[in-house]
Amino acid sequence: MHSPIFSLEVFPPKSHAPVGTIYDTLDGLEGVNPDFISVTYGHGALHDRSLTARIANTVRHEYGIPAVAHLTALYSDKEIVDEALDMFHKAGVTGVLALRGDPVEGNEPCGVFEHSSDLAAYIHEVDPDMKIFGACYPECHMEASCLEEDVDNLKKKVDAGVSHLITQLFYNNEDFYRFLDLARSKDIDVPIEAGIMPIRSAKSVNNMTTRNGSEIPSAVQRLVDKWGDDTPSLQQAGIVYASEQIADLVAHGVDGIHLYTMNRPALARRIWSNVEPLFKVVE
Ligand code: FAD
């Protein structure tokens, strides 16, 4: 274990890619020693529901790294959740990241779990020993009217059994500190890991604004303006940016850093080699 916690996220290979490509990602992360790797869950109703469990099993049993499995609520009913929990147990997961998921056009939600807190409460009821993780949003979730309302809803998630939070990516640490103060003032006392995403391309930065409503601070915009057409230089500048963000967060006493690898192990490895000395190894 590290202090602060250091964890990674990977996603199952896209449907057109062979599932074995996950080995390229996991092999590429050799030398990075995360406290856990979380494995995402597909959008909508049509994805292969066993994929997250299979990758989590690989992470846990072939690479010896604790695995956390994501699970979404909108397209799940109780039977699907029971089946997923069974698969996750067999995969030896450390915990489940209970999410609502996003509506997918043309897919009718099951109508059983409306919010992640409903899913968390159900998991807590049927599987009380399972550690439940949850998501949170330093810049406010897109559908909430304000941060205060979103954090009030976050408290419901924690009260429903979530004992560890991971934030959406953000580029401006001040947003995280503001959110953290508010969360602590509302008695949200569980660990909150800060989500950091390396810059992969100008397009990926712009997508974050559209998809998550993330603010692009002027310091990041300047990198995109300068190297938007030169991806290797932009990625290098992004590694420096993410490493400085992490150093500031660690100096501020953050509970943990969750690096969104986007299955680009080289970026994660280079960031880790910059910041590793800032993370103490503890039992
Ligand atoms: P919720 O907690 O349900 O919140 C959604 C909205 O409802 C918010 O505005 C909140 O304020 C409000 N709300 C919450 N609870 C209540 C309540 N009890 N009553 C009233 N309002 C409430 N998506 C995937 O499809 N697969 C993944 O693997 C995945 N992994 C993710 C990992 C992380 C760390 C993060 C931050 C996001 C991830 N997502 C994933 C995206 C996520 O599904 C979306 O951000 C989704 O829009 C919200 O999910 P949530 O669990 O935060 O929802």
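Counting starts at 1 for both ligands and their atoms, following the listed order. Below, each value reflects all heavy atoms present in this structure, side chains not excepted, and no hydrogens, waters or symmetry copies.
Between G195 and ligand 1 there is no heavy-atom distance shorter than 4.0 Å. Between F113 and ligand 1 there is no heavy-atom distance shorter than 4.0 Å.
Y41 places no side-chain N or O within 3.5 Å of a backbone atom of L97 that could act as its donor or acceptor partner. Between the side chain of D77 and the backbone N or O of V112, no donor-acceptor pair lies under 3.5 Å.
Using a 4.0 Å cut-off between charged side-chain N and carboxylate O, D48 and R54 make a salt bridge. Between K90 and D86 there is a salt bridge, since a side-chain N of the basic residue sits under 4.0 Å from a carboxylate O of the acidic one. Checked for salt-bridge contact, D225 and R222 miss the test: no charged N lies under 4.0 Å from a carboxylate O. Between R100 and E114 there is no salt bridge, since no side-chain N of the basic residue sits under 4.0 Å from a carboxylate O of the acidic one.
Any N or O atom pair closer than 3.5 Å counts here, and E9 shares no such pair with ligand 1. At a 3.5 angstrom cut-off on N or O pairs, E143 does not count as close to ligand 1. Geometrically, ligand 1 and H70 share a nitrogen or oxygen pair separated by less than 3.5 Å. An N or O contact shorter than 3.5 Å links S117 to ligand 1 by distance. Of the N or O atoms in C136, none lie within a sub-3.5 Å distance of an N or O in ligand 1. Considering backbone and side-chain N/O atoms, T167 never comes within less than 3.5 Å of an N/O atom of ligand 1. Taking only nitrogen or oxygen atoms, main chain and side chain alike, T72 does not reach within less than 3.5 Å of ligand 1. The shortest N or O to N or O distance between R100 and ligand 1 is below 3.5 Å.
Scanning the protein for heavy atoms near atom 11 (O) of ligand 1, the closest one is D150 OD1, 2.5 Å. In this structure, the protein non-hydrogen atom closest to atom 46 (C) of ligand 1 is D102 OD1, 3.3 Å. In terms of protein heavy-atom proximity, atom 1 (P) of ligand 1 is closest to S116 OG, 3.4 Å. Protein heavy atom in closest approach to atom 35 (C) of ligand 1: A135 CB, 3.7 Å. Protein heavy atom in closest approach to atom 26 (N) of ligand 1: Y41 O, 2.8 Å. Annotation: atom 33 (C) of ligand 1 to nearest protein heavy atom, Y260 OH, 3.9 Å. Looking only at protein heavy atoms, the nearest one to atom 17 (C) of ligand 1 is H115 CD2, 3.5 Å. Of all protein heavy atoms, the one closest to atom 52 (O) of ligand 1 is Y137 OH, 2.7 Å.
Crowding of K78 atom NZ: a count of heavy atoms from other residues, nucleotides or ligands under 6.0 Å not exceeding 12.
Linking ILVMFWY side-chain heavy atoms closer than 4.5 Å, directly or via other members, places L169 and F179 in two distinct hydrophobic clusters. Follow the hydrophobic side-chain contacts under 4.5 Å out from I192 and you never reach I166; the two are in separate clusters. Residues V10 and W272 are members of one and the same hydrophobic cluster, defined by side-chain heavy-atom contacts under 4.5 angstrom among Ile, Leu, Val, Met, Phe, Trp and Tyr.
Applying the ring pair (Phe, Tyr, Trp, His ring centres under 6.0 Å) test to residues at least two apart or on different chains, the pairs with a partner in residues 201-257 are Y177-H252.
Among L97, L99, V68, the residue whose heavy atom sits closest to atom 38 (C) of ligand 1 is L99. Taking each of K157, K155, H141 in turn, the one with a heavy atom nearest to atom 9 (O) of ligand 1 proves to be H141.
Proximity to I166 (heavy-atom distance under 4.0 Å) selects the following atoms of ligand 1: 34 (C).
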- [ ] Check the pair E193, T167 against side-chain hydrogen bond (donor to acceptor under 3.5 Å, both in side chains), reporting the backbone distance first and the verdict last.
- [x] CA-CA 6 Å; E193 278 193 83; T167 78; over 6 Å; no
